[in-house]
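Below is one structure, written out as structure tokens; comments come after it.
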Amino acid sequence: KGTYTGSASDLKSLIDAKISGSGTANYIPKFTASGTIGNSIVYDNGNSVSIGDTVSDARLRVKAQGANATDTVLKVRNFANTADFFYVNGAGEVHVPSGNFTVASSNPQLFFKRGSTSNSSRMQFMTGSTYNFSMGLRGGDSNFHIFDEIASADRVILGTNGVMTVNAGFKDQYSSL
């Protein structure tokens with residue numbers, strides 16, 4: 001506490017006596033030991049920040065430590081630090097542990113887009129580790145399928161020509177709905 005009245009060179013001497021170490025340009029420094037500074041894993045080039053990487057293709061980039069589903073890349077937790085809002089693993093899977101995924105907007109739109117030209121993009125629904133059903137494009141055609149993963153059968157197909165086909169067993173099972 002108080003006001004320093006010495007020279008700049010005296011101030012530098014005081015700082016140098018208390019803290020030592022070195023760093024690399026663009027790396028955010030951190031204390032590596034008491035009174036010692038070194039590089040952290042955070043890289044800032046003035047336009048973007050990378051964690052665990054030096055590539056700057058986005059405002060914030062986080063590099064996975066591994067490519068496995070058990071490697072957590074990014075986790076967002078609640079204020080009390082008692083629950084995860086969501087996390088992303090090394091396999092690129094996004095997990096929402098609460099099960100509540102909401103698009104909050106006055107004009108909500110949710111898109112699932114596959115990065116290739118393959119006609120097999122679909123959303124799968126699970127209970128525990130068992131896939132119950134999926135919906136989307138499958139089988140190399142452009143029709144929309146609701147597929148029973150357990151019975152391995154299409155239940156509803158909406159064709160690009162506007163014709164809807166309902167599997168007979170499925171239709172009979174739910175005819176009272």
Side-chain angles (χ1 to χ4, degrees), residues 19 21-105 107-158 167 170:
I19 300 173
S22 63
T24 306
N26 294 335
Y27 280 91
I28 304 298
K30 72 172 188 174
F31 283 96
T32 58
S34 179
T36 306
I37 290 180
N39 288 342
S40 70
I41 63 169
V42 181
Y43 182 85
D44 180 354
N45 67 6
N47 294 314
S48 61
V49 174
S50 297
I51 299 174
D53 203 351
T54 58
V55 176
S56 59
D57 59 354
R59 180 64 86 189
L60 174 64
R61 178 185 173 104
V62 180
K63 183 178 180 184
Q65 290 181 325
N68 300 313
T70 56
D71 300 318
T72 301
V73 178
L74 175 67
K75 184 181 284 189
V76 177
R77 294 183 61 80
N78 66 358
F79 177 78
N81 202 28
T82 57
D84 297 335
F85 288 133
F86 74 90
Y87 63 93
V88 181
N89 67 24
E93 300 166 337
V94 177
H95 294 262
V96 182
S98 70
N100 300 321
F101 183 85
T102 304
V103 178
S105 169
N107 184 18
Q109 297 180 29
L110 181 61
F111 296 96
F112 292 90
K113 183 176 180 182
R114 186 179 174 109
S116 71
T117 57
S118 169
N119 281 349
S120 61
S121 299
R122 64 186 185 272
M123 185 175 11
Q124 295 179 306
F125 296 86
M126 303 176 73
T127 302
S129 60
T130 304
Y131 286 106
N132 295 343
F133 73 95
S134 62
M135 53 193 258
L137 305 175
R138 62 179 294 120
D141 62 27
S142 296
N143 299 322
F144 184 82
H145 298 254
I146 297 178
F147 190 79
D148 183 334
E149 297 284 351
I150 295 171
S152 191
D154 275 311
R155 294 305 188 190
V156 178
I157 301 172
L158 180 58
N167 176 293
F170 186 72

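Index from 1, following the sequence.
- Looking at residues two or more places apart in sequence or on another chain, you find a side chain to side chain contact (heavy atoms under 4.5 Å, CB included) between Glu149 and Arg122, Gln124, Tyr131, Ser134, Arg138, Phe147.
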Please tabulate, for the side chains in residues 25-35, all donor-acceptor contacts under 3.5 angstrom to protein atoms that are two or more places apart in sequence or on a different chain.
{"unit_1": "Asn26", "atom_1": "ND2", "unit_2": "Tyr43", "atom_2": "OH", "d": "3.3"}

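- The structure places CD1 of Ile41 at 11.0 Å from OG of Ser50, a figure rounded to the nearest 0.5 Å.
- Interatomic distance, CG of Leu158 versus CG of Asn143, reported as 7.5 Å (0.5 Å rounding).
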Let me see the working for Ile51 and Lys63 under side-chain contact (heavy atoms from CB on, under 4.5 Å), right down to the final yes or no.
CA-CA 6 Å; Ile51 299 174; Lys63 183 178 180 184; over 6 Å; no
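- Using a distance-only test at 3.5 Å, with no hydrogens or angles considered, a donor-acceptor pair links the side chain of Ser40 to the main chain of Val42.
- Under a 3.5 Å cut-off, the side chain of Arg61 and the backbone N or O of Ser48 do not form any donor-acceptor pair.
- Val73 and Ala64 get closest at one heavy-atom pair: CG2-CB, 3.3 Å.
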Could you give the side-chain donor-acceptor pairs of residues 80-94 under 3.5 Å, partners two or more places apart or in another chain?
{"unit_1": "Asn81", "atom_1": "OD1", "unit_2": "Arg77", "atom_2": "NE", "d": "2.5"}
{"unit_1": "Thr82", "atom_1": "OG1", "unit_2": "Asn78", "atom_2": "ND2", "d": "3.0"}
{"unit_1": "Asp84", "atom_1": "OD1", "unit_2": "Arg77", "atom_2": "NH1", "d": "2.3"}
{"unit_1": "Asn89", "atom_1": "OD1", "unit_2": "Ala91", "atom_2": "N", "d": "2.9"}
{"unit_1": "Asn89", "atom_1": "OD1", "unit_2": "Gly92", "atom_2": "N", "d": "3.1"}
{"unit_1": "Asn89", "atom_1": "OD1", "unit_2": "Glu93", "atom_2": "N", "d": "3.0"}
{"unit_1": "Asn89", "atom_1": "ND2", "unit_2": "Ala69", "atom_2": "O", "d": "3.3"}
{"unit_1": "Asn89", "atom_1": "ND2", "unit_2": "Glu93", "atom_2": "OE1", "d": "2.8"}
{"unit_1": "Asn89", "atom_1": "ND2", "unit_2": "His95", "atom_2": "NE2", "d": "3.3"}

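- Using a distance-only test at 3.5 Å, with no hydrogens or angles considered, no donor-acceptor pair links the side chain of Asp154 to the main chain of Val156.
- Arg155 contributes atom CZ, which lies 4.0 Å from atom CG of Asp148 (distance to the nearest 0.5 angstrom).
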